[in-house]
Amino acid sequence: DSNELVPALNYLNEKKTEPNSEMTGVAEGKNVILLSLESTQTFVVDNEVNGEELTPYFNDLKEEGAYFSNFYHQVKQGRTSDSEFILDNSMYGLNRGAAFFTHSSNEYEATPEILGENGYTTSNMHANDKTFWNRNVMYDSLGYDEFYGKQDYDVTEEKSYGWGYLDEYFFEESLDKMEEMEQPFYNKMITLTNHHPFTLPEDKKYIDEGDTSSGTLNRFFQTIRYQDEALKQFVEEFKQSDLYDDTVLVIYGDHFGISENHQEAMGEYLDKDINDYEQFQLQRVPLLMIGEGIEPQESDTVGGQIDLRPTLMNMLGVEDDNPIQFGHDLFSEDRREMMITRDGDFANEDYVGVKDACYDRETGEEVDSEACEPLFAEAEEELQMSDSIVYGDLLRYLDETELIEEEESDQDEE
Ligand code: GP9
């Protein structure tokens with residue numbers, strides 16, 4: 001019953017931090033485009049292979065907006081779908097399986113629902129089968145109005161490769177669709193080309209393969225470079241369009257592309273030994289926000305995908321009355337810098353805690369594990385709180401609980 005929500009409400013109340021008031025409403029009434037870059041990790045940014053930049057366009061673009069260099073993905077088995085779950089709910093995905101499959105009939109009060117109540121049109125675009133990750137079902141539960149899937153795109157064999165529709169064509173058609181959309185809109189675009197096994201048609205290989213001992217990593221460099229070229233084409237066209245002045249563009253990486261099976265090759269490429277600490281730091285993914293009112297800046301605040309919803313809602317100046325959110329505004333001065341992974345590992349301002357060991361976050365030196373103990377405990381408590389909501393489908397009691405709280409505070413006042 002509604003009492004089951006109380007522990008999580010109390011916990012979140014205690015952890016609550018105020019959003020940055022200077023950012024409140026900077027993007028009021030604007031469209032939001034979330035651009036999910038497949039398998040894109042931060043280590044590719046400002047990096048090169050054989051003397052060629054991997055993401056030349058993104059490297060420049062990030063100077064035009066708010067770029068977050070210590071932003072982590074938080075997904076587990078649900079991969080891209082986990083990132084979507086975390087983003088829209090500001091709750092953690094599950095430790096096993098994908099919430100998109102196992103908890104698609106839950107009650108949610110996700111970003112699209114709240115924005116829908118505030119006059120927004122909400123949609124997803126992804127040129128894959130709609131049933132992949134059970135998206136067709138889960139998007140309804142999350143409150144999306146529209147889902148543009150494979151059949152809504154002009155997918156032909158010539159324009160496809162590997163997993164399907166090449167990003168450049170996906171972007172082109174998606175922009176056309178957005179230009180026709182009722183505004184303001186909240187729309188997520190999910191790319192596909194930079195996906196394992198990272199293959200490309202010959203004429204889309206803009207740089208040579210890498211020369212590490214992993215073919216996967218070697219090809220990844222090429223697909224990342226391809227994606228960057230597609231991104232360039234998209235952003236440049238977007239800047240020419242009428243949408244540009246009225247839109248916040250949020251570009252982020254969904255999860256890692258190179259798994260720990262390729263640690264040795266990563267070590268060869270980065271020229272260091274990839275231990276648990278380095279492997280953890282490789283889970284950073286880029287986050288960049290561009291739009292009027294967003295000052296160019298680079299932030300090194302420690303955060304994760306769970307923080308995007310409160311950050312965005314504050315920028316849009318939308319009253320988000322769902323109190324069950326585990327994230328903290330990324331622009332807030334007094335935010336809790338604590339990024340928790342689904343494995344119960346974490347990074348905060350000072351430490352990285354991974355597999356029960358404790359490291360100095362900046363130097364990577366292993367330190368006395370005592371320093372991390374309370375933080376591991378906090379991570380575990382937080383994951384349990386989030387799980388209690390998802391497994392118990394507790395958001396269905398939210399309205400009731402709020403009514404009780406209102407009555408109680410009325411009584412207090414009397
Ligand atoms: C498939 C795309 C990729 O539709 O989201 O899925 P992933 O394997 O990255 O989770």
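First listed ligand is number 1; within each ligand, the first listed atom is number 1. Note that these values count all heavy atoms, side chains included, but never hydrogens, waters or copies made by symmetry.
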Novice: Is there a donor-acceptor contact under 3.5 Å linking the side chains of Glu366 and Asn275?
Specialist: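 No, no side-chain donor-acceptor pair sits under 3.5 Å.
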Novice: Going from CG on Leu192 to CD on Gln227, what distance comes out if it is rounded to the nearest 0.5 angstrom?
Specialist: 10.5 Å
Novice: For ligand 1, give me the residues whose heavy-atom distance to it is below 4.0 Å, by chain and number please.
Specialist: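 These residues qualify: Glu38, Arg79, Thr80, His126, Asn128, Phe132, Trp133, Arg135, Trp163, Leu192, His195, His255.
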Novice: Does a side-chain N-to-carboxylate-O contact under 4.0 Å join Glu378 and Arg336?
Specialist: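 Yes, Glu378 and Arg336 are salt-bridged.
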Novice: Quick one: CE on Met338 to CD on Glu349, what's the gap to the nearest 0.5 Å?
Specialist: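 Answer for the CE-CD pair, Met338 versus Glu349, is 11.5 Å.
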Novice: Could you check whether Asp387 pairs with Arg342 (Lys NZ or Arg NE/NH1/NH2 to Asp/Glu carboxylate O, under 4.0 Å)?
Specialist: yes
Novice: To the nearest 0.5 Å, tell me how far Leu37 CG sits from Phe58 CZ.
Specialist: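 One finds 7.5 Å between CG of Leu37 and CZ of Phe58.
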